[in-house]
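When reading the values below, keep in mind they use all heavy atoms of this one structure, side chains included, and skip hydrogens, waters and symmetry mates. None of these values were measured; they are calculated from a predicted model.
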Amino acid sequence: MSEQSIIGKGTWIDKLAHELLEREKTLGRNTDLLRVESGLGASGVPHIGSLGDAVRAYGVKLALENFGYKSELIAYSDDLDGLRKIPEGFPDSLKEHLGKSVSAIPDPFDCHDSYGMHMSSLLLEGLDKLGIKYDFRRAKDTYEKGLLKEQIHTILENSKKIGEKISELTGQEKFQQYLPYFPVCTNCDKIYTTESFEYISDEKKIKYRCKDATIGSQNINGCGHEAEADVTKDLGKLAWKVEFAARWQAFDIRFEAYGKDIMDSVKVNDWVADEILKFPHPHHVKYEMFLDKGGKKISKSLGNVVTSQTWLKYGSPKSILLLLYKRISGARELGFEDIPSLMDEYNELENIFFGKIKIENPAKETKMKGLYEYVNLLNTPKTLTPYVSYRLLIELSRIFKEKRTDLVMKKLIDYGVLKNSEPQIEDLITMAGNYADDFDLQEKVDVQIDDATKKALGELADLLGADDEPDDLQNTIYQIAKKNNVQPKDFFKILYQIILSTNRGPKIGPFILDIGRKKVSQTLASYL
RNA sequence: GGGUCUAUGGCUCAGCCAGGUAGAGCACCGGACUCUUAAUCCGGCUGUCGAGGGUUCAAAUCCCUCUAGACCCGCCA
């Protein structure tokens with residue numbers, strides 16, 4: 001490592017951008033503008049993995065710019081994609097639209113021009129919150145404007161060759177029989193029920209019939225219509241196995257990441273780009289899917305789909321960026337429980353960046369500082385941001401539910417963690433508080449109270465309910481326990497169980513005063 | 001049938017993709033803080049880094065083989 005020079009900022013992103021540049025040099029292509037692309041699904045609720053594709057592509061864009069090249073990110077929404085199944089939480093009325101393009105389905109929530117745009121907007125909103133800049137394009141416009149017509153023609157003319165190649169590379173044989181193009185049926189509006197069987201090259205028209213199709217476990221009925229569609233004008237789209245290639249050439253895309261689920265499609269598309277369209281395919285990187293935490297019970301009412309919207313309730317935008325930029329391989333199981341460590345890890349990186357924490361290995365130090373820069377989208381803050389351990393904030397938030405921000409802040413100052421109240425810390429408390437409320441649920445402890453303890457609790461309740469604030473409450477509680485022949489250790493434990501539902505907690509005297517002694521008095525009384 | 005990933009202290013995992021004395025969080029144990037408890041600080045925790053081989057001055061990290069598990073593709077976008 002010592003004899004190797006460090007590329008860029010030392011991260012995998014720099015390495016990837018470097019590879020891309022080397023390849024472009026070898027190909028001898030014009031490098032005035034290097035476009036990177038991310039495809040956005042528009043048929044389901046976008047989760048954090050879909051964000052990842054765009055965020056990482058944006059990282060490569062940043063790295064290219066850092067190397068002195070011009071670059072831009074194209075965010076392409078495939079909204080001609082058909083609706084295959086109704087996502088959970090969406091109305092059943094969508095059923096009549098199964099098989100239609102998502103851009104042709106009305107938005108069930110009535111806030112966008114279509115179902116597809118509703119979904120895409122959720123993702124774009126996530127990107128906006130992270131500060132990712134992009135040039136948005138959609139399939140509907142792309143096909144309506146005929147931007148891919150040259151490529152469609154070339155692909156359909158070579159469909160036999162392509163069909164064979166698809167079979168050879170992936171084992172999928174349907175395109176030896178049918179053409180890789182789906183027209184929208186002019187009679188019933190569906191796209192997944194059409195089968196194209198002949199291309200009339202001179203007229204650039206395709207013959208299709210609309211018939212029943214099975215998508216997963218769903219049956220979608222075709223209408224039996226048979227017609228011709230003009231591929232330069234009429235609505236329809238290329239099959240995925242060849243569509244990327246067409247788009248890459250039409251938009252001059254030089255980089256696109258992909259998830260392993262579409263590995264086969266990318267393989268075919270690379271071949272189509274290189275051999276049929278004669279456009280050298282973009283540089284790629286493959287990443288693993290994010291999976292839900294297996295076996296762990298995540299409440300159904302909260303939903304176990306990790307979206308940027310829900311993540312941001314508990315974690316900062318930077319925690320998402322850190323998750324996505326720290327590495328591209330690995331990272332399989334993902335859940336909200338990863339947020340606390342990512343929050344703390346970001347802070348650690350910031351301390352490394354500003355030299356508060358020293359890393360011995362210089363290469364690793366460079367890499368970590370580089371990671372910090374990417375997480376800040378290469379626009380780093382000038383100074384350290386005030387920070388308190390997120391886990392500590394969760395602990396404190398669990399204890400203080402009312403007037404949370406004030407009381408937690410007060411405790412932090414008591415502990416000497418902070419000198420003054422800080423607005424950034426208030427935001428952290430809000431997020432950690434949400435987390436504590438929604439996830440950090442403690443199992444209810446069964447409270448076992450014997451007679452002696454009951455008597456002691458009664459005395460304490462009376463004392464707390466009195467008008468005068470007791471002196472030295474901590475010691476008084478201790479005395480009450482002893483006087484009633486209750487082990488102080490057990491007495492304190494029961495108090496924690498009653499007040500906090502845990503076996504332990506903060507120093508109890510001051511704590512009771514913090515949350516209000518009369519309130520505690522009532523709570524204790526309810527156990528007598 | 002094809003492919004990818006994963007395997008590291010009790011638990012969950014980081015570190016691997018640019019090789020340089022094995023880490024974190026949690027759990028647990030011990031100590032300090034006026035005999036209980038939090039926080040804080042200190043210390044501890046017995047790791048053949050899945051197995052075997054190879055490359056190297058040096059391997060958790062790179063290469064090959066194997067084992068176990070997970071996931072993806074072979075419907076579709």
Side-chain angles (χ1 to χ4, degrees), chain A residues 1-8 10-12 14-16 18 39 41-44 78-85 99 101-102 139 166-167 169-174 182 191-192 213-218 220 237-241 243-244 259-265 267 285-291 293-294 296 326-333 335 337-338 340-342 344-345 348 360-361 363-364 366-368 389-392 395-396 399 411-412 414-417 474-475 477-478 481-482 486-496 500 502-511:
Chain A
M1 167 196 296
S2 50
E3 63 269 12
Q4 201 160 357
S5 63
I6 288 165
I7 299 166
T11 69
W12 62 267
D14 300 281
K15 197 182 162 199
L16 206 52
H18 178 73
S43 48
D78 184 12
D79 62 0
L80 284 178
D81 185 13
L83 183 67
R84 270 155 284 154
K85 63 174 186 198
S101 289
V102 292
I166 290 175
S167 164
L169 288 174
T170 72
Q172 183 185 42
E173 300 191 340
K174 66 181 280 190
F182 298 101
I191 191 167
Y192 276 157
T214 312
I215 307 286
S217 54
Q218 302 266 4
I220 299 177
K237 79 190 296 275
L238 288 167
W240 245 26
K241 289 278 188 305
E243 185 183 56
F244 303 159
K260 78 167 178 185
D261 55 331
I262 60 165
M263 223 161 31
D264 281 349
S265 288
K267 220 191 302 178
V285 65
K286 186 204 68 181
Y287 55 86
E288 288 289 306
M289 310 277 88
F290 285 114
L291 307 172
K293 295 273 184 201
K296 302 279 183 300
K326 65 184 290 191
R327 62 180 171 173
I328 187 146
S329 58
R332 331 171 303 287
E333 298 190 345
E337 54 267 57
D338 295 315
S341 52
L342 284 165
D344 287 345
E345 190 177 342
E348 193 191 353
E360 288 161 41
N361 185 323
K364 291 201 167 149
T366 304
K367 188 175 165 179
M368 291 176 110
S389 158
Y390 191 89
R391 288 174 213 279
L392 172 56
E395 286 296 316
L396 292 173
I399 293 166
K411 278 287 136 190
L412 292 173
D414 286 352
Y415 288 164
V417 177
Q474 178 75 15
N475 201 38
I477 294 171
Y478 185 75
K482 278 194 108 173
V486 179
Q487 280 294 320
K489 189 171 185 168
D490 296 334
F491 192 56
F492 280 95
K493 193 169 169 185
I494 281 168
L495 286 175
Y496 287 119
L500 290 175
T502 62
N503 288 324
R504 31 166 102 172
K507 196 157 192 172
I508 201 130
F511 174 58

For [X], report the nucleic acid contact type (base, sugar-phosphate, nothing); a contact means any heavy atom under 4.0 Å.
X	result
A/W240	base
A/G10	base
A/T11	base
A/I7	base
A/Y192	sugar-phosphate

- Please work out the stems of RNA chain B from pairs that are Watson-Crick or G-U wobble with both distances under 3.5 Å, keeping only runs of three or more consecutive pairs.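 Listed by first number, the stems are B:1-7 with B:67-73, B:10-13 with B:23-26, B:28-32 with B:40-44, B:50-54 with B:62-66.
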[atom1] atoms of [N] and [M], separation to the nearest Å:
N	M	atom1	answer
B/rC5	B/rC63	P	10 Å
B/rU65	B/rG3	P	12 Å
B/rA68	B/rG50	C1'	8 Å
B/rG25	B/rG9	C1'	13 Å
B/rA51	B/rC11	P	16 Å
B/rA24	B/rA70	P	31 Å
B/rU21	B/rU4	C1'	34 Å
B/rA59	B/rA22	C1'	13 Å

Nearest whole Å is fine: how far is [N] [atom2] from [X] [atom1]?
X	N	atom1	atom2	answer
A/D338	B/rC13	CG	P	9 Å
A/E348	B/rA14	CD	P	15 Å
A/M368	B/rA18	CE	P	16 Å
A/N361	B/rA14	CG	P	20 Å
A/F244	B/rA77	CZ	C1'	8 Å
A/I328	B/rC5	CD1	P	13 Å
A/K260	B/rA77	NZ	C1'	19 Å
A/I262	B/rA77	CD1	C1'	10 Å

Inter-residue atom distance [X].[atom1] - [Y].[atom2], 0.5 Å rounding:
X	Y	atom1	atom2	answer
A/Y192	A/I220	OH	CD1	8.5 Å
A/I191	A/L83	CD1	CG	12.0 Å
A/D261	A/K286	CG	NZ	11.0 Å
A/F244	A/I262	CZ	CD1	4.0 Å
A/T366	A/M368	OG1	CE	11.5 Å
A/F182	A/L80	CZ	CG	12.5 Å

- Query: If you draw a 6.0 Å radius around NZ in A/K85, do more than 12 non-hydrogen atoms from other residues or ligands fall strictly inside?
  - Reply: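 Check fails, neighbour count at 12 or below.
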- Starting at the 5' end of RNA chain B and moving along, which residue's nearest nucleotide shows up first, A/G82 or A/W12?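 Its nearest nucleotide lies further toward 5', so the answer is A/W12.
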- Between A/E243 and A/D261, just flag the one whose closest nucleotide in RNA chain B comes earlier from the 5' side.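 Whichever sits nearer the 5' end wins; that is A/D261.
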From the options [options], select the nucleotide whose nearest atom is closest to the side chain of [X].
X	options	result
A/K367	B/rU4, B/rC17, B/rC76	B/rC17
A/D78	B/rA39, B/rA77, B/rA18	B/rA77
A/R391	B/rG25, B/rC17, B/rU4	B/rG25
A/K326	B/rG20, B/rA77, B/rA14	B/rA14
A/K237	B/rA77, B/rU4, B/rC17	B/rA77
A/E288	B/rA18, B/rA77, B/rU4	B/rU4

- Message: I'd like to know whether A/D14 forms a side-chain contact (heavy atoms from CB on, under 4.5 Å) with A/I6, so could you lay out the CA-CA distance, the side-chain angles of the two residues, the decisive distance to 0.1 Å, and finally the verdict.
- Response: CA-CA 9 Å; A/D14 300 281; A/I6 288 165; over 6 Å; no
- Task: Show your working on side-chain contact (heavy atoms from CB on, under 4.5 Å) between A/E243 and A/D78 and close with a plain yes or no.
- Result: CA-CA 10 Å; A/E243 185 183 56; A/D78 184 12; 4.2 Å; yes
- Query: Counting only side-chain N and O atoms of A/K267, is one of them less than 4.0 Å from OP1 or OP2 of B/rG3?
  - Reply: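 Checking B/rG3 against A/K267, no side-chain N or O comes under 4.0 Å of OP1 or OP2.
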- Message: Does B/rA14 have its OP1 or OP2 closer than 4.0 Å to a side-chain nitrogen or oxygen of A/R327?
- Response: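 Answer is yes, contact under 4.0 Å.
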- Item | Test item: side-chain donor near acceptor, A/S341 and A/D344, under 3.5 Å |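 Not at all, the side chains of A/S341 and A/D344 share no donor-acceptor pair under 3.5 Å.
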